[in-house]
There are 2 protein chains.
Amino acid sequence: MSRLDSFIRRLEAQRACLDRAAELVRDLDGIVLELGLGNGRTYDHLRALFPDRDIYVCERQVAAHPDCVPPPERLILGDMRETLPALRPRFGGRAAVAHFDAGTGNAAANLALAAALTPNIVPLLGPGGILVTDPPIEAPELAPLPLPDGIAPGRYHLYRRT
Amino acid sequence: MSRLDSFIRRLEAQRACLDRAAELVRDLDGIVLELGLGNGRTYDHLRALFPDRDIYVCERQVAAHPDCVPPPERLILGDMRETLPALRPRFGGRAAVAHFDAGTGNAAANLALAAALTPNIVPLLGPGGILVTDPPIEAPELAPLPLPDGIAPGRYHLYRRT
């Protein structure tokens with residue numbers, strides 16, 4: 001499989017998981033958290049999926065397409081190792097969906113960052129909230145969910161907060 | 001359609017067109033030209049599609065994944081407005097497939113660059129050679145080909161040198 005094949009499959013998996021998350025939380029109140037803005041493509045997809053929810057975006061430094069920059073009041077700038085703990089009083093238990101894709105371009109670095117951030121991501125999810133993530137994440141409060149049809153195991157990840 | 005949807009469709013179109021080009025030139029001798037290396041994903045796909053052909057890559061400055069950097073003897077570094085004319089004595093009429101994706105990230109700039117380069121791309125293609133390109137390209141020697149099934153018109157482009 002070429003890198004082009006592999007990249008397309010990853011993006012298809014990402015989109016299918018975001019779409020599935022939207023279905024799963026249809027009857028659940030809550031905000032949406034985009035943990036890592038990058039070029040803003042998935043943020044744009046989240047806007048389309050969740051037109052009626054507030055979407056908050058954490059990013060170290062905005063480098064997105066100008067059309068995909070969140071309004072300043074919903075943009076939380078800084079290193080997520082510092083910003084996420086500070087969000088807990090405001091957003092603890094309030095997220096219906098969180099999407100994590102730090103997009104460092106390095107699988108090992110993504111995995112390490114995800115592990116470091118997990119204790120600060122999980123408490124932001126409400127009960128039944130869905131975490132969609134590129135790297136796998138392990139926490140006692142997170143139950144892995146089956147991936148949408150046609151998505152190979154491990155290509156993207158879906159969890160529900162129990 | 002979100003930017004994520006649109007990006008996935010573009011990549012699927014790109015891959016489908018490259019795959020189609022490989023079928024179309026199955027019985028045609030010639031090298032492959034990758035005009036714009038970028039991150040190297042399509043170069044990697046071309047390597048998979050054309051294991052027995054020499055693939056030459058034109059790029060201003062290499063910024064690809066280390067696994068996707070062509071060997072130095074097949075890498076032509078520099079601005080294509082200067083390097084392509086210089087290739088004509090060596091490769092004129094010898095390319096079975098050329099793929100053009102300058103990837104400036106700006107549709108208008110891509111289109112302008114494609115138009116400027118067209119007179120230097122076309123003579124490199126042999127008779128029956130296929131040009132796969134992101135921006136549309138117009139030249140009297142190029143006949144547009146139908147896109148593979150499921151690819152919307154204009155999302156990517158295929159031409160045959162008459």
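Because the structure is a prediction, the values reported are computed rather than measured.
Residue contact with chain B, scored on non-hydrogen atoms closer than 4.5 Å, is absent for Asn39(A). If you measure heavy-atom distances from Leu18(A) to chain B, the contacts under 4.5 Å come from the side chain alone.
Comparing Leu49(B), Thr42(B), Asp5(B) by heavy-atom pairs within less than 4.5 Å of chain A, the highest count is held by Asp5(B). Considering only heavy-atom pairs separated by less than 4.5 Å from chain A, the leading option among Leu11(B), Ile8(B), Asp67(B) is Ile8(B). Taking chain B as the reference chain and counting heavy-atom pairs below 4.5 Å, the highest number among Gln14(A), His65(A), Arg47(A) is found for His65(A).
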Chi angles and distances behind the side chain to side chain donor-acceptor pair (under 3.5 Å) call for His45(A), Asp19(A): CA-CA 9 Å; His45(A) 199 71; Asp19(A) 293 355; 2.8 Å; yes
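Electrostatic pairing of Arg15(B) and Glu12(B) does not count as a salt bridge here, judged by no charged N lying under 4.0 Å from a carboxylate O. A salt bridge does not link Arg26(B) with Glu23(B): none of the charged nitrogens is closer than 4.0 Å to a carboxylate oxygen. Ionic pairing of Asp101(A) and Arg10(A) is present here: one or more N-O contacts between side-chain nitrogen and carboxylate oxygen are shorter than 4.0 angstrom. Using a 4.0 Å cut-off between a side-chain N of Lys or Arg and a carboxylate O of Asp or Glu, Asp29(A) and Arg94(A) do not qualify as a salt bridge.
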